[in-house]
Amino acid sequence: MSSTDNSPEHKLYSAREPIFPRRVKGKFRSLKWIIMAVTLGIYYLSPWIRWDRGPELPDQAILIDLANRRFFFFWIEIWPHEFYFIAGLLIMAGLGLFLFTSAAGRIWCGYACPQTVWTDLFILTERWIEGDRNARLRLHRQKKMDFHKFRLRVEKYLAWILIGLATGGAWVFYFTDAPTLLRDLVTGQAHPVAYMTMAILTATTVFFGGMAREQVCIYACPWPRIQAAMMDEDTLTVGYRHWRGEPRGKHRKGAGAEQLGDCIDCMACVNVCPMGIDIRDGQQLECITCALCIDACNEMMDKIGKPRGLIDYMALTDEPREIAGEAPKPVWKHIFRPRTILYTVLWAGVGVALIWALFARADIDMTVAPVRNPTYVMQSDGSIRNIYDLRLRNKHGEEREFRVSVTGDDTLTVTLQDSDTTAGDTIAVKADEMRIVRAYVEAPAGSKATISDRTEFTFWVEDGIANERVSVDSVFNGKGQ
């Protein structure tokens with residue numbers, strides 16, 4: 001190995017050079033500001049919305065009640081056994097991501113991904129404190145830590161920590177009553193888990209949004225590597241019209257100036273890119289389709305008197321058409337095609353199914369768990385008893401009396417028992433609670449159920465006030481002789 005192999009030019013890895021995007025104005029930048037304000041507003045304000053559910057239930061509109069294993073969303077209440085609603089929402093989120101990516105590339109990443117939203121917020125505060133791109137670059141390259149640089153650094157990191165603290169604080173408010181928790185946090189009476197969670201989220205928010213930034217999107221996020229399977233030649237994504245922009249030049253008067261393309265190589269598209277890439281090099285894994293380069297290029301085209309759209313949302317199928325002098329396909333033809341229609345139908349189907357399940361579910365519910373040890377009990381009179389644990393759920397706002405019965409074999413009878421009651425086939429369940437009771441199902445001696453190995457039957461629970469009934473199928477075990 002020669003001595004030159006250790007020179008900087010031959011190093012396998014190089015230190016990361018921080019990216020300082022320049023401020024830009026335009027419709028896409030304005031759209032990003034609006035989405036950032038809306039999403040952050042929803043995140044920070046949602047725990048403080050009140051919703052009256054009666055005296056027995058919490059009045060927080062959105063609440064993940066881990067202690068009582070319940071999720072509240074305005075008038076909707078999700079119980080632990082209804083986790084399929086959460087699974088359905090996750091499926092819808094995945095299908096929605098596939099739909100948006102197939103239609104317009106990484107539009108989610110560029111506009112609504114939490115990493116993008118918080119990174120935009122951190123860059124905004126950095127710009128307010130340290131100045132725009134050139135000022136931040138000078139400060140970064142300044143080796144000497146004088147008082148001016150020290151003061152700006154302290155102000156910036158304090159602002160970032162406050163943003164991270166607000167982020168972590170808003171998150172813990174979703175898990176308990178927000179006003180009560182805020183008072184406990186301020187007075188030092190909150191549970192240590194709350195302080196620990198806030199500290200962890202504060203640190204990770206500052207690290208991801210303030211320091212790692214584009215590194216999270218490039219190296220940590222798997223979506224850039226998956227998106228290729230969701231995109232095709234009709235997907236709209238940010239691209240550079242090289243047939244119009246090349247060869248690049250400064251457009252100064254002189255020989256050959258008329259042969260130059262529209263791109264004046266001003267680097268405006270690179271300077272505003274939060275990922276630090278040059279879109280003129282073609283589609284790249286790092287591009288999050290935020291379209292800030294479109295705003296920057298359009299601004300420059302206006303200044304030099306050239307038509308807008310040198311950098312624009314476009315599809316691969318548009319390139320040969322435009323080179324040949326034809327008009328590109330209408331946007332709706334790119335968006336509405338078999339793949340996106342299929343994703344839309346699947347997404348809507350899951351949504352309709354969830355809505356139907358939400359409104360079709362009863363306000364009473366029951367699950368049945370047979371006690372298998374022993375499988376059955378032989379009584380002194382020759383009758384056989386099977387034991388079952390029933391979980392009765394009352395989703396009403398007031399206490400209800402439930403009656404439990406069995407059908408499928410007229411000889412079977414049921415008796416309920418729990419720590420409070422050993423009487424008949426009825427039991428009271430308090431408002432919005434679940435009660436576990438033990439059910440004894442008996443078959444008299446000589447009946448078909450006693451001599452059969454398995455007898456299928458059905459548990460029924462009935463709310464006499466609302467005339468609601470639900471059923472669960474089960475099996476009665478006999479001697480099998």
Side-chain angles (χ1 to χ4, degrees), residues 17-37 104-113 115-128 130-140 209 213-214 217-218 224 236-252 260-315 318-319 322 328 331:
E17 185 68 22
I19 297 172
F20 301 101
R22 181 176 66 81
R23 183 184 179 187
V24 64
K25 294 182 180 179
K27 62 179 181 180
F28 294 108
R29 177 66 267 184
S30 298
L31 178 61
K32 281 174 66 67
W33 288 137
I34 293 171
I35 293 176
M36 184 180 79
R106 292 178 65 185
I107 191 170
W108 159 262
C109 302
Y111 292 89
C113 175
Q115 174 64 22
T116 297
V117 171
W118 262 271
T119 297
D120 269 358
L121 181 59
F122 276 85
I123 292 176
L124 178 63
T125 57
E126 183 180 69
R127 184 180 295 122
W128 280 345
E130 296 183 350
D132 204 359
R133 182 175 187 272
N134 291 337
R136 302 204 307 277
L137 274 173
R138 287 193 299 270
L139 195 67
H140 170 69
R213 293 184 180 177
E214 79 286 349
C217 302
I218 298 173
L236 289 171
T237 188
V238 176
Y240 167 65
R241 290 185 167 91
H242 60 85
W243 57 92
R244 192 187 120 186
E246 303 296 325
R248 307 171 194 172
K250 296 301 181 181
H251 287 269
R252 294 173 180 169
L260 296 176
D262 287 352
C263 180
I264 61 174
D265 206 18
C266 62
M267 301 297 287
C269 57
V270 179
N271 293 337
V272 301
C273 180
M275 308 301 291
I277 64 172
D278 190 341
I279 193 63
R280 297 171 297 178
D281 294 337
Q283 271 298 308
Q284 298 157 67
L285 176 145
E286 296 87 349
C287 180
I288 60 173
T289 322
C290 65
L292 295 183
C293 54
I294 298 178
D295 286 337
C297 187
N298 285 341
E299 183 181 12
M300 191 56 61
M301 292 296 104
D302 291 342
K303 290 181 178 179
I304 64 174
K306 297 288 184 178
R308 290 186 164 206
L310 181 59
I311 299 175
D312 204 354
Y313 273 104
M314 55 185 296
D318 289 334
E319 180 175 338
E322 292 192 24
V331 172

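These numbers were taken from a predicted model, which means no experiment stands behind them. Starting from 1, each residue takes its place in the sequence as its number.
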Undergrad: Going by the rule side chain to side chain donor-acceptor pair (under 3.5 Å), which residues pair with Arg280 if we only count those two or more places apart in sequence or in a different chain?
TA: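 For Arg280, the residues satisfying side chain to side chain donor-acceptor pair (under 3.5 Å) (neighbours in sequence not counted) are Asp265, Asp278.
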
Undergrad: For the atom pair CG (Asn298) and CE (Met300), what is the distance rounded to the nearest 0.5 Å?
TA: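 These two atoms lie 11.0 Å from each other.
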
Undergrad: How would you list, by chain and number, every residue that makes a side chain to side chain donor-acceptor pair (under 3.5 Å) with Glu319, sequence neighbours excluded?
TA: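 Checked Glu319 against side chain to side chain donor-acceptor pair (under 3.5 Å); matches are His242.
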
Undergrad: In Å, rounded to the nearest 0.5 Å, how long is the span from CD1 of Ile264 to SG of Cys297?
TA: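 One finds 8.5 Å between CD1 of Ile264 and SG of Cys297.
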
Undergrad: Can you sort out the partners of Asp120 under side chain to side chain donor-acceptor pair (under 3.5 Å), two or more places apart, ordered by chain and number?
TA: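 Asp120 satisfies side chain to side chain donor-acceptor pair (under 3.5 Å) with Arg29, Lys32 only.
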
Undergrad: Which residues pass the side-chain contact (heavy atoms from CB on, under 4.5 Å) test with Ala291, sequence neighbours left out?
TA: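 So Ala291 forms a side-chain contact (heavy atoms from CB on, under 4.5 Å) with Phe28, Tyr111, Val238, Ile294, Tyr313.
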
Undergrad: For Cys287, enumerate each residue passing the side-chain contact (heavy atoms from CB on, under 4.5 Å) test, keeping only those at least two apart in sequence or located in another chain.
TA: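 Expected list: Ile277, Ile279, Thr289.
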
Undergrad: Mind checking what makes side-chain contact (heavy atoms from CB on, under 4.5 Å) contact with Arg244, not counting sequence neighbours?
TA: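 Checked Arg244 against side-chain contact (heavy atoms from CB on, under 4.5 Å); matches are Arg241, Asp262, Met301, Pro307, Leu310.
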
Undergrad: Would you give the length of the straight line joining atom SG of Cys293 to atom OH of Tyr240, rounded to the nearest 0.5 angstrom?
TA: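 Atom-to-atom, Cys293:SG and Tyr240:OH are 12.0 Å apart.
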
Undergrad: With sequence neighbours left out, write down each residue that passes side chain to side chain donor-acceptor pair (under 3.5 Å) with Arg138, or none if nothing qualifies.
TA: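 Residues passing side chain to side chain donor-acceptor pair (under 3.5 Å) with Arg138: none at all.
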
Undergrad: According to side-chain contact (heavy atoms from CB on, under 4.5 Å), who are the partners of Cys109, at least two apart in sequence or on a separate chain?
TA: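 Partners of Cys109 under the side-chain contact (heavy atoms from CB on, under 4.5 Å) test: Arg106, Trp223, Ile288.
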
Undergrad: Could you measure the distance from the CG atom of Asn271 to the CD1 atom of Ile19? Nearest 0.5 Å is fine.
TA: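 Between Asn271 CG and Ile19 CD1, I get 11.5 Å after rounding to 0.5 Å.
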
Undergrad: Would one find more than 12 heavy atoms of other residues, nucleotides or ligands at under 6.0 Å from atom CZ of Arg23?
TA: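 Incorrect, the count does not exceed 12.
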
Undergrad: If you measure from CE on Met267 to CZ on Arg22, what distance do you get to the nearest 0.5 Å?
TA: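 That separation rounds to 11.5 Å.
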
Undergrad: Treating Arg136 as the side-chain partner and Gly131 as the backbone partner, does any N or O pair qualify as donor plus acceptor under 3.5 Å?
TA: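 Checking the backbone N and O of Gly131 against the side chain of Arg136, a donor-acceptor pair under 3.5 Å is found.
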
Undergrad: For Arg248 and Cys263, indicate whether the former's side chain and the latter's backbone hold a donor-acceptor pair under 3.5 Å.
TA: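 Side chain of Arg248 to backbone of Cys263, a donor-acceptor pair under 3.5 Å: no, none is there.
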
Undergrad: Sort and list the pairs that fulfil salt bridge (charged side-chain N to carboxylate O under 4.0 Å, His left out) and have at least one residue in residues 282-305, not counting sequence neighbours.
TA: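 Found Asp302-Arg308.
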
Undergrad: Search all heavy atoms of Gly110 against all heavy atoms of Thr116 and return the closest pair with its distance.
TA: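 Distance-wise, the nearest heavy atoms are O-CG2, 3.5 Å.
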
Undergrad: Counting C-beta onward and ignoring hydrogens, is there a side-chain heavy-atom pair between His140 and Glu130 closer than 4.5 Å?
TA: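 The answer is no, as the side chains (C-beta and beyond) never meet within the 4.5 Å cut-off.
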
Undergrad: Mind checking what makes salt bridge (charged side-chain N to carboxylate O under 4.0 Å, His left out) contact with Glu214, not counting sequence neighbours?
TA: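 Salt bridge (charged side-chain N to carboxylate O under 4.0 Å, His left out) check on Glu214 returns Arg16.
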
Undergrad: Working to the nearest 0.5 Å, report the span between CZ of Arg133 and CG of Leu137.
TA: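 Those atoms lie 4.5 Å apart.
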
Undergrad: Where do Pro274 and Leu292 come nearest, in terms of heavy atoms and distance?
TA: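 Shortest heavy-atom separation between Pro274 and Leu292 comes out as CD-CD1, 4.2 Å.
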
Undergrad: Test your reading of the model: is there a side-chain donor-acceptor pair from Asp318 to the backbone of Pro328, 3.5 Å cut-off?
TA: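 No; judged by distance alone, with no hydrogens or angles, the pair does not exist.
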
